[in-house]
J.: 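If you scroll down you'll find the structure; I have some questions about it.
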Amino acid sequence: MRYVSTRGAAPVLGFADVLLAGLARDGGLYVPETVPTLSHDDIRDLRGRPYAEVATRVMLPFLGGEIAEDDFAGLVADAYEGFGHRAVTPLRQLDSDLWLLELFHGPTLAFKDVALQLLGRLFDHVLTKRGERVTIVGATSGDTGAAAIEACRDRASIDIVILHPKGRVSEVQRRQMTTVLSPNVHNVAIEGTFDDCQDLVKAMFNDAAFRDEMRLSAVNSINWARIMAQAAYYVYAAVQLGAPEREVAFAVPTGNFGNVYAGYLARQMGLPIAGFAIGTNENDILARFFGADDMSVRPVKPTLSPSMDIQVSSNFERLLFDLYDRDGRATAEAMTAFRETGRLGVGENRWRAAADLIKSTGIDDVGTLEVIAAEQAETGELLDPHSAIGVAAAREHRIAGVPTVALATAHPAKFPDAVQRACGIRPELPKRLADLLQREERATPLPNDLAAVQAFVRGAARAG
Ligand SMILES: *Cc1c(COP(=O)(O)O)cnc(C)c1O
């Protein structure tokens with residue numbers, strides 16, 4: 001199994017190198033040279049098996065033998081053991097032809113745990129084998145930091161330093177990070193904004209000497225292993241609803257296009273998926289593209305679904321690569337033009353191919369609150385704002401005779417204020433997190449100053 005860059009000018013790598021590299025050296029994203037397939041017999045044989053076993057079988061071909069099958073099965077089982085539901089990603093029926101796939105039973109109550117719980121273990125496994133270590137650094141406005149910390153905590157080959165803007169993160173989100181007291185976890189509260197935190201992280205990566213000395217790394221959403229791990233729950237859900245004999249459709253709330261791309265990958269592998277419906281908030285560049293061939297960048301607006309407040313969706317480039325018949329040079333040219341003009345035109349035929357498969361719905365905050373209230377009233381289900389946008393897309397783009405699965409990406413208790421505003425009910429944290437507000441916290445306050453942050457990272461990291 002070899003991986004190529006979507007821009008065609010980076011070295012071809014195997015799985016372990018792609019895992020550790022993240023972004024390709026030419027600025028592109030890694031994709032498999034050829035996508036492995038599951039036959040109908042393979043898919044049928046997954047019925048009734050536990051999540052970890054389905055996930056192992058779906059992912060194994062992507063490793064190209066670089067991790068032993070038993071080792072990998074052990075990592076996968078371990079990654080999902082701590083989830084708060086035995087089914088890991090349970091399906092719940094909302095309507096005669098509509099199901100919710102709950103992806104929020106991981107440690108931080110959002111779907112990023114599904115990929116990151118495995119990613120942390122994969123990093124550790126590969127690094128230990130190589131006798132290497134890394135220092136993961138990242139900035140968070142609150143949403144993603146906790147999932148990265150939970151993924152890396154207690155991993156012998158990893159130190160993780162996460163910067164958050166002091167006093168500008170909600171209490172629950174801060175505590176999900178700062179109450180992890182593992183010795184390899186370092187929370188830094190920066191006297192500044194989220195943008196300051198991001199600039200500090202960028203500056204550390206741009207300082208080549210520091211980057212190499214600390215072996216800086218990231219676990220961001222373009223990492224191929226995250227996509228691969230997400231393809232598994234599409235297969236898991238579809239076989240429960242009758243695949244491969246029966247087609248299934250998926251509705252996905254989207255920001256960076258990672259989650260829906262994972263579904264697209266599952267379809268390429270042979271899963272009978274009739275189509276996708278994506279949902280966006282007011283940051284609707286993807287809804288405008290699939291709905292009207294208008295991919296033009298506008299300023300980012302803060303919304304009630306902050307994990308989707310994104311204008312340039314990094315994983316879209318992987319779809320673009322396929323639309324350009326896997327021509328790296330053409331993809332690179334399209335991306336350069338997009339960066340320079342703020343607008344991406346792919347031509348009528350390519351757009352139609354994409355729009356036939358992927359329908360879109362964009363709703364604003366008022367619409368999101370209405371969906372939460374309506375679904376609560378009709379089905380009794382409490383949806384977080386992200387999941388509500390997915391359900392709105394599912395309901396708009398039903399395909400007759402095909403069951404639709406809407407992906408629920410966050411637990412409602414992760415966004416209690418919005419849910420309460422919508423329907424008057426304040427969702428409660430699951431029992432295992434009920435004492436979050438009483439737990440001991442640890443974070444280091446630092447000024448918005450690169451030298452101070454670098455000195456801290458040096459002290460924290462064991463890599464140097
Ligand atoms: C990250 C995130 C999304 C968007 O997922 P992408 O893979 O970026 O499209 C949606 N909902 C929640 C709760 C998230 O954390």
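No experiment lies behind these values; they were computed from the predicted model shown. Only this structure's heavy atoms are used, side chains among them; waters, hydrogens and symmetry mates stay out. Order of listing sets the numbers, starting from 1, for every ligand and every atom in it.
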J.: Just checking, any donor-acceptor pair under 3.5 angstrom between side chains of N283 and D309?
T.: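 Yes, D309 and N283 have a side-chain donor paired with an acceptor closer than 3.5 Å.
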J.: Which atoms of ligand 1 have any heavy atom of G255 under 4.0 Å away?
T.: 4 (C), 6 (P), 8 (O), 9 (O)
J.: For N259, take its heavy atoms, then give the atoms of ligand 1 lying under 4.0 Å from any of them.
T.: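 Atoms satisfying the 4.0 Å criterion: 7 (O).
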J.: Can you check whether E378 reaches D95 side chain to side chain, under 4.5 Å on heavy atoms?
T.: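 SC-SC contact between E378 and D95 ruled out.
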J.: Which atoms from ligand 1 have a heavy atom of G258 less than 4.0 Å away?
T.: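 With G258 as reference, the close atoms of ligand 1 come out as 6 (P), 7 (O), 9 (O).
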J.: Any side-chain donor-acceptor pair under 3.5 Å between H105 and T89?
T.: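 H105 vs T89: no donor-acceptor pair found between side chains.
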J.: Short list, please: which atoms of ligand 1 are under 4.0 Å from a heavy atom of M308?
T.: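 The list of qualifying atoms is 10 (C).
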J.: Should you measure from each heavy atom of F111, which atoms of ligand 1 turn up under 4.0 Å away?
T.: 1 (C), 2 (C), 3 (C), 5 (O), 7 (O), 14 (C)
J.: Check each heavy atom of F257 against ligand 1 and say whether those closer than 4.0 Å belong to the side chain, the backbone, both or neither.
T.: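 The part of F257 near ligand 1 is the backbone, not the side chain.
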J.: Looking at E375 and R395, does any basic side-chain N land under 4.0 Å from a carboxylate oxygen?
T.: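 Looking at R395 together with E375, the answer is yes, because their closest N to O distance falls below 4.0 Å.
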J.: Please check whether I310 reaches ligand 1 - meaning an N/O of the residue sits under 3.5 Å from an N/O of the ligand, judged on distance alone.
T.: no
J.: Between R288 and D293, is the closest basic N to carboxylate O distance under 4.0 Å?
T.: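 No, this pair does not count.
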J.: Would you mind writing out the side-chain donor-acceptor pairs for residues 266-280 within the sub-3.5 Å range, not counting sequence neighbours?
T.:
| residue | atom | partner | partner atom | Å |
| --- | --- | --- | --- | --- |
| R267 | NE | I273 | O | 2.9 |
| Q268 | NE2 | D322 | OD2 | 2.9 |

J.: Quick one: do K202 and D195 make a salt bridge, cutoff under 4.0 Å?
T.: no
J.: With backbone taken as N, CA, C and O and side chain as the heavy atoms from C-beta onward, which portion of K414 lies under 4.0 Å from ligand 1: side chain, backbone, both, or neither?
T.: neither
J.: Check ligand 1 against A410 and write out every atom of the ligand that is under 4.0 Å from a heavy-atom position of the residue.
T.: 13 (C)
J.: Among L103, N256, T409, which one puts a heavy atom closest to atom 10 (C) of ligand 1?
T.: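 Going through L103, N256, T409 one by one, T409 has the nearest heavy atom to atom 10 (C) of ligand 1.
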J.: Could you walk me through whether F111 and H386 pass the ring pair (Phe, Tyr, Trp, His ring centres under 6.0 Å) test, one step at a time?
T.: CA-CA 11 Å; F111 94 99; H386 305 78; 9.3 Å; no
J.: Please write down residue, atom name and distance for the protein heavy atom closest to atom 14 (C) of ligand 1.
T.: K112 NZ, 2.9 Å
